[in-house]
Amino acid sequence: MVSSRLKVLEEVLRIKRVRYGIFILLSLAILSIFVILFSPFEYDRISPRVHLPPLAGSDTSWPHILGTDNLGRDVFTRTFYAFALDLGCALAVVILSGSIGLAIGIASSYLGGVIDAVLMRIMDIVISIPGFMLAIAIAAVLGSSIFNAIIAIAIVTIPVYARLVRSVVLSVKESLFVLAAKEAGLSDLYIVVKHVLPHVIPTFITQASMELSNAIIYIAALSFVGLGAQEPVPEWGLMISSARRYVREAWWTAVFPGLVMFLTVLSFNLIGDGLRDYLDPKKRTVIGVQVETS
Amino acid sequence: MNSDVIVKTVNLKKYYEIRSKYLKRVIGYVKAVNGVDLEIKRGETLGLVGESGSGKTTLGLVLAKLVKPTDGKYFLKGIDITYSLPKNLRGKIRIVFQDPYSALNPRLKIVDTLIEPLLAQGVDKENAKEKVAKYLKLVGLSEEYLESYPHMLSGGQRQRIMIARALVTEPEFVILDEPTSMLDVSTQAQIIELLKKIKNEKNLTYLFITHNLAVARYLSDTIAIMFSGQIVEIADKKTIFSNPLHPYTKTLLSAYPSPDPSSTWSPEIPEDIDNNTLIYNQGCSYAGRCPLRKDLCLKTSPELIEVENNHKVRCHIYKDRT
Amino acid sequence: MMFSRRIVIAVVVAVIVIAIAVPLVITKLTISQPVQKVLVVGTTYDPKTLDPAQAYDIASAIVIQNIYDTLVGYKPGTSELAPKLAERWESNENASVWTFYLRKGVKFHDGTELTADIVNYSIERAKKLQGPPAFLLDVIDKVEVVDKYTVRFVLKHPFSPFPALAAFTIFSSVPPNATNLDEKPIGTGPFKLESWKKGEQVVLVANKDYWRGPPKVDKVIIRIYPDPTTLRVALEKGEIDIALGIQPQDIEALSKNPNIKMVSIDGVVIEWLGMNHRRAPFNNTLFRKAINYAIDYDYILNIVLRGTATRLYGPLPPAIFGYDPEVEKYGYRYNPELAKKLLAEAGYPEGRGLRELELIISSAERAERKDVAAVIQRNLKEIGINIRIVDLDWSSFLDRLFNHDFDMYMVDWFPDYVDPDDWIVPLFTTYGLGIDGYNNTVVDELALKARQLTELNERIALYKQLQKIIVEDAPWAFLYVPKLYVFIQKNVEGFILYPVYYIDFYPVEKK
Amino acid sequence: MARNIAQYIFYRLIQAVFSIFGVIVVVFLLSRVLPGNPAIAILGPKATPENIEKVTREWGLDKSYFEQFLIYISRILQGDLGDSYVMGYSVGRLIAERLPASIELVVFAFVLSLIIGIPLGILSARKHDTKTDLILSTLAVMGFSFPSLLLGILLLIFFGINLGLPVSGRIDPRYSINVYTGFILLDTLLNGNINAFLDAFSRIIPPALTLAIPLAGLLLRLTRNSVLEVMMQDFVRTAKMKKLPENIVMYKHILRNALLPIITIAGLYFAVLVTGDIVVETIFAWPGLGRLIWEAVSLRDYMVIQGSVLVVSIIYIVVNTVVDILYMYIDPRIRG
């Protein structure tokens, strides 16, 4: 007998968008691993050969595939180091805010009453402040570092998960099999873990993949305004921020990190978009925004 | 109290609040169960018949201890279990739901669904699996289904699983909430047969909820007719079918192909009266549809009165006959 | 069918084409020259205040310098002092009492005449307001009005650089009845304020009654381009006549542009890498020397700064009197091998036993500082010292600097007055700012002596001695002196650049 | 039903007031979490004792947090967001000066995205499951995934370097324009200065496109999906069966229904964009609120940051409330 989980995976992989997304992501990841392991250039290795155009030769056997930046650092190496860094940070954001949001969502829907009301009002307030504004305010208070940027973005995105999880849990809670489980005399905790959570996970994962792309954009934007990564850390937003000063002489220093960032964001959006359609073809959805049909 | 009465309820009520859309003020109540007195003897099957919305499913949920009653008392074997169920009675009351499609968690294997009630009672996993296999056989399924997922099973098979799941805790009282209404006709008969067989084997007590008189007649010993949260007539099945008293029962039976064509009941339904008068007055809940309505019916609600031996009816017409 | 594919695509394409093409064509055709003689100046910083008692930043100073006059000015194109509101000045023997003789007939924009009383009032007002530059007035014990056009400053201690100090904007005279000088300044200078829109532009109009005669342009618009790249574009497009604050990376390309003139001069601002002597490992002179030898100065000057700065070998910039050219011989040069050796001698062979050191900077107003820091980070990594760069906002940066909460920092120093005293005393003596915790009693004594002497040659000899001692102690890694650059359109004439970043629009002409 | 509408509006307003109160609390808390003395945080490290004393008194910093909060609330109710000691000026004035620039940019970008997104969305729906649809949908996802960091830089290169257009600020400073509305495109026209208008127009295009392209991608997808859904619905089929000309079916039924999600998006994104996309305004030196926030961040001008968060959040809440109420008027289905 075929396990149902494998089957789901198979069906998901059959969706073109998801396949393309995974393909792009894997290619970038492989390049990134390759670069981190084998690049002859350290990400902070400076050289007098500044602003070399793409494919220019170098003092090693490797050419500067994407040229060099204003300190003669290899743009290719830095861009793909940044892939690992930004992806890691985005994952940290999603794990942090996702797990807190999950806990809040479950607590809120299960405990109900005053706790639900208080938690959801707090979430309402956080969500009624435009996210990037709040992230900037929090990051400014915490001080500029990539770590603080992660915390700020995580705080801002908690309500997205909390609300989502709460609504899914509430609808799952009403389902007959949960009632049946209750009837069997199972404890609330057991029902949440065994019956409710598995139904939250797919929606949660879909949202998380969308939020990954948001987190990447937020991290880069915070670094761009100076509230995130610091030199010489290879980070897309910081790279673009520095390269912006030289964009007329050396467009590649800004464009290539931006392009790889774009491809990463695109791949997560493709995956998320496809997953969402797969999970709920009836609901009209557009990347990142869920429009309820009445 | 008669010792072979296993289930007894006294004036059991379940009201739901109606709240306003935005400010959530309580603006009224839905009286889903509105004062139900029942007695079910050991080994008896009580058929609870009513149209949808009559509160029969809510009553089932209250009796299954899934919904807390608003008022009234509920005894199992003479023990008051209205508010809590003593440990030794856990698993003694079980329910089989109407919809076998959504009652099974699609992400759990059959075996995991089946052993859940036993795990809840603290039985260890290995013993539980053994026991579950036995019950699977009892409901006519082979052991290989243990490792299946619900989506691989037919509706009848699923309902068998649900029955097995109800039986694994060795209950004494089983509530069957329209267990066959979602199934196709041929499967219905098989399930009914199965239920009957098991009942005899295990000496179970059933509350059989249905809107289908034919099924009720086949399976039940006693039949209670429910309307708008209340029992309007109750008697053993022969009496109900041969001598229906309540106008509602008569209406129900008239829709039911009767063996005696002469007893056709085709009354004229009186012209409509404003719904509000009905909702807000204290009268009989059936008054709005009753062909035999009198002024009294709009003013006071009738009591359930015993007209003949073990034949009770809730109607003003029979007030004088006692 | 209304929404046939072709029509929709055509509409969308048309909209995009129009959106791009119309402005392209029309701006090419139609930018007409406004009639007045308007000088448009582009800069990257917004003034913070236009009150001379409050202003302590370049952007504010540029505007204030053209609305107000100070007592003392500079000879064109130099840092040498010249008369301005004061026709002449003199001091007593030990430089502790200074008398200034005012120019007669100078009028404020509102018609008030400048008198010694007003000079006195202006100083008292600035002292009372306690704005950011008010500490510069601490040296003044009292101001005496000798007669209508003579004012006397009695100082708390002998202080020979006092006339240089009197060229600072806080010595601008303000009329006594003025209110809200912050936004509505009234001065004696060549221009009056017309409007100031924060973050966008300051508009000045000519003061036709200026005591030196009316300026050569009718209007000066100081336009703020917070983004240096757009400033450069604006210059190339001819949107601005004078560009202040062009970034080093743009200078090379602009200097080749035939339509644009470049004016440059060696500045007096110094940039260095400071270290906290209160903490290990910086309390070890060998370690500090190792850092001095580890930095690739040529890379920083030629690659990062693209030749827009000159090397700083000691505490003083070359453009100031008292600078000793000998310092270029005994100063530190890039020598990683020697740096490694010194590091080992200091007790940290190949960096073993060192924690990760923190380098704090504030790059908000000097983007290239980030790059210089990145180079230093890499240079130090190569001899085994690991550092982490923390880029702070300016106020947090100062906060940590003055609370001595740092390992290393990079900053520059704008002199408040152009005299070696304003480098040596605040930065290297224990009675100065005391940022690094550098402590050398010989330096303390010599610096104190130097500010009391009135004879220039004697002072120069003392400062040469001081430079040698300080370089030997290696309290910092001395980095560079940025050159000053201003780019102007070919048709703009008469612009004179001063090493002290005094921007004077008065003589500027537009042909 | 009328009662229901009144109730709904009342309920939404209460909710909005509550949210605004919540935002004030959050901003207040953020301002008190700052390390060190809040007065120094407000004034910067060069604060003089007198100024610190003044600020301490004005904001009640020596009192309990509860009293501080009351003072804070009462000041905000009077429209006083405090003073920026870093930039000079009151925060309220700084924001008021910058806000029109952001609003102008956003409205322009929004219109641009409607012009691009909606017709293509309808086209995509009508040609659903064809190559055209596939191409458009792909473009939509790509458009939506464009980080403004990259798009802004690309447009800066294209417009500024390749086309040689001015790409910074709102207008050439040589044009002296009397300000009537604060919206430069309107003001230049009101001044009757067509050259100035064209200059301003050419400058708003690149930043507006940076904002509009992702939004257009989103609108394309959204319009496509909702038109498609409506097209499948019974009444459209009925209309078609009644042999109504196709265009009328399209306009009367489909567009009306497709409008709903567009309004939702408008509500969601418009308010976010009014914050002035900080990145876009920084890249194009657009003197709006986003730019102000960027400046405030680099100067750590906490008063300006707080004030901006507050103002932007309130705008956001108000816009969303209005959109919700509008939505109810347009969609009869949710009135019930």
Side-chain angles (χ1 to χ4, degrees), chain A residues 41-52 59 68-75 77-78 81-82 136-137 139-149 222-235 237-251 253-255, chain C residues 44 227-233 236 246-254 257 295-296 298-306 358-382 386-397 399-400 410:
Chain A
F41 309 106
E42 290 168 71
Y43 67 86
D44 61 352
R45 174 192 193 267
I46 58 175
S47 95
R49 304 158 74 89
V50 300
H51 285 163
L52 289 181
D59 46 9
T68 61
D69 70 3
N70 59 321
L71 295 180
R73 301 179 293 199
D74 185 54
V75 174
T77 303
R78 285 178 69 76
Y81 262 90
I136 278 197
V141 168
L142 294 176
S144 351
S145 80
I146 191 85
F147 182 71
N148 289 340
L222 275 185
S223 298
F224 179 82
V225 300
L227 286 173
Q230 306 287 332
E231 285 284 0
V233 173
E235 196 285 331
L238 182 64
M239 287 171 78
I240 294 173
S241 167
S242 313
R244 195 169 56 99
R245 290 183 276 140
Y246 304 96
V247 76
R248 312 188 93 219
E249 292 110 289
W251 53 269
T253 55
V255 169
Chain C
T44 46
D227 183 359
T229 314
T230 61
L231 176 70
R232 169 181 164 178
V233 175
E236 288 171 327
I246 289 285
Q247 298 290 295
Q249 69 267 10
D250 292 325
I251 287 171
E252 196 183 334
L254 284 175
N257 187 327
I295 296 170
D296 187 349
D298 288 340
Y299 186 92
I300 292 173
L301 291 176
N302 300 329
I303 308 288
V304 181
L305 303 173
R306 305 198 177 185
E358 196 182 52
L359 167 59
I360 59 168
I361 60 171
S362 175
S363 73
E365 300 191 358
R366 276 184 174 268
E368 74 274 13
R369 192 172 281 149
K370 253 187 207 177
D371 298 335
V372 175
V375 172
I376 291 174
Q377 181 266 342
R378 178 70 200 191
N379 287 158
L380 295 185
K381 189 176 172 183
E382 271 158 15
N386 283 312
I387 66 172
R388 185 161 53 90
I389 300 165
V390 179
D391 191 357
L392 299 166
D393 60 285
W394 182 239
S395 58
S396 317
F397 176 80
D399 208 25
R400 294 196 48 185
M410 259 176 69

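The sequence lines fix the lettering, A, B, ..., with proteins before strands; numbering per chain opens at 1. These numbers come from the heavy atoms of this one structure, side chains and all, not from hydrogens, waters or symmetry mates.
- Heavy atoms of Arg45(A) lying under 4.5 Å from chain C belong to its backbone as well as its side chain.
- A distance of 5.0 Å separates CG in Leu238(A) from NZ in Lys370(C), rounded to the nearest 0.5 Å.
- Taking CD1 of Ile46(A) as the reference point, atom CD1 of Ile303(C) lies at 9.0 Å (rounded to 0.5 Å).
- With a threshold of 4.5 angstrom between heavy atoms, Arg388(C) does not approach chain A through any atom at all.
- Under the rule for a salt bridge (charged side-chain N to carboxylate O under 4.0 Å, His left out), the partners of Glu382(C) that lie at least two apart in sequence or sit in another chain are Arg378(C).
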Open item on the list: Please evaluate residues Glu252(C) and Glu249(A) with respect to the criterion side-chain contact (heavy atoms from CB on, under 4.5 Å), reporting the C-alpha separation (whole Å), side-chain torsions for both, the decisive distance (0.1 Å), and the verdict.
Closed with: CA-CA 11 Å; Glu252(C) 196 183 334; Glu249(A) 292 110 289; over 6 Å; no

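- Using a 4.5 Å cut-off between heavy atoms, Ser47(A) contacts chain C through its backbone alone, with no side-chain atom that close.
- Options Glu368(C), Arg306(C), Gln247(C) differ in how many heavy-atom pairs under 4.5 Å they form with chain A, and the most are formed by Arg306(C).
- A donor-acceptor distance shorter than 3.5 angstrom exists from the side chain of Gln230(A) to the backbone of Asp391(C), with no hydrogens or angles considered.
- For Asn302(C), no part lies under 4.5 angstrom from a heavy atom of chain A.
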Open item on the list: Quick one, Val50(A) with Val304(C), criterion side-chain contact (heavy atoms from CB on, under 4.5 Å). Give me CA distance, side-chain angles, the key distance, then yes/no.
Closed with: CA-CA 9 Å; Val50(A) 300; Val304(C) 181; over 6 Å; no

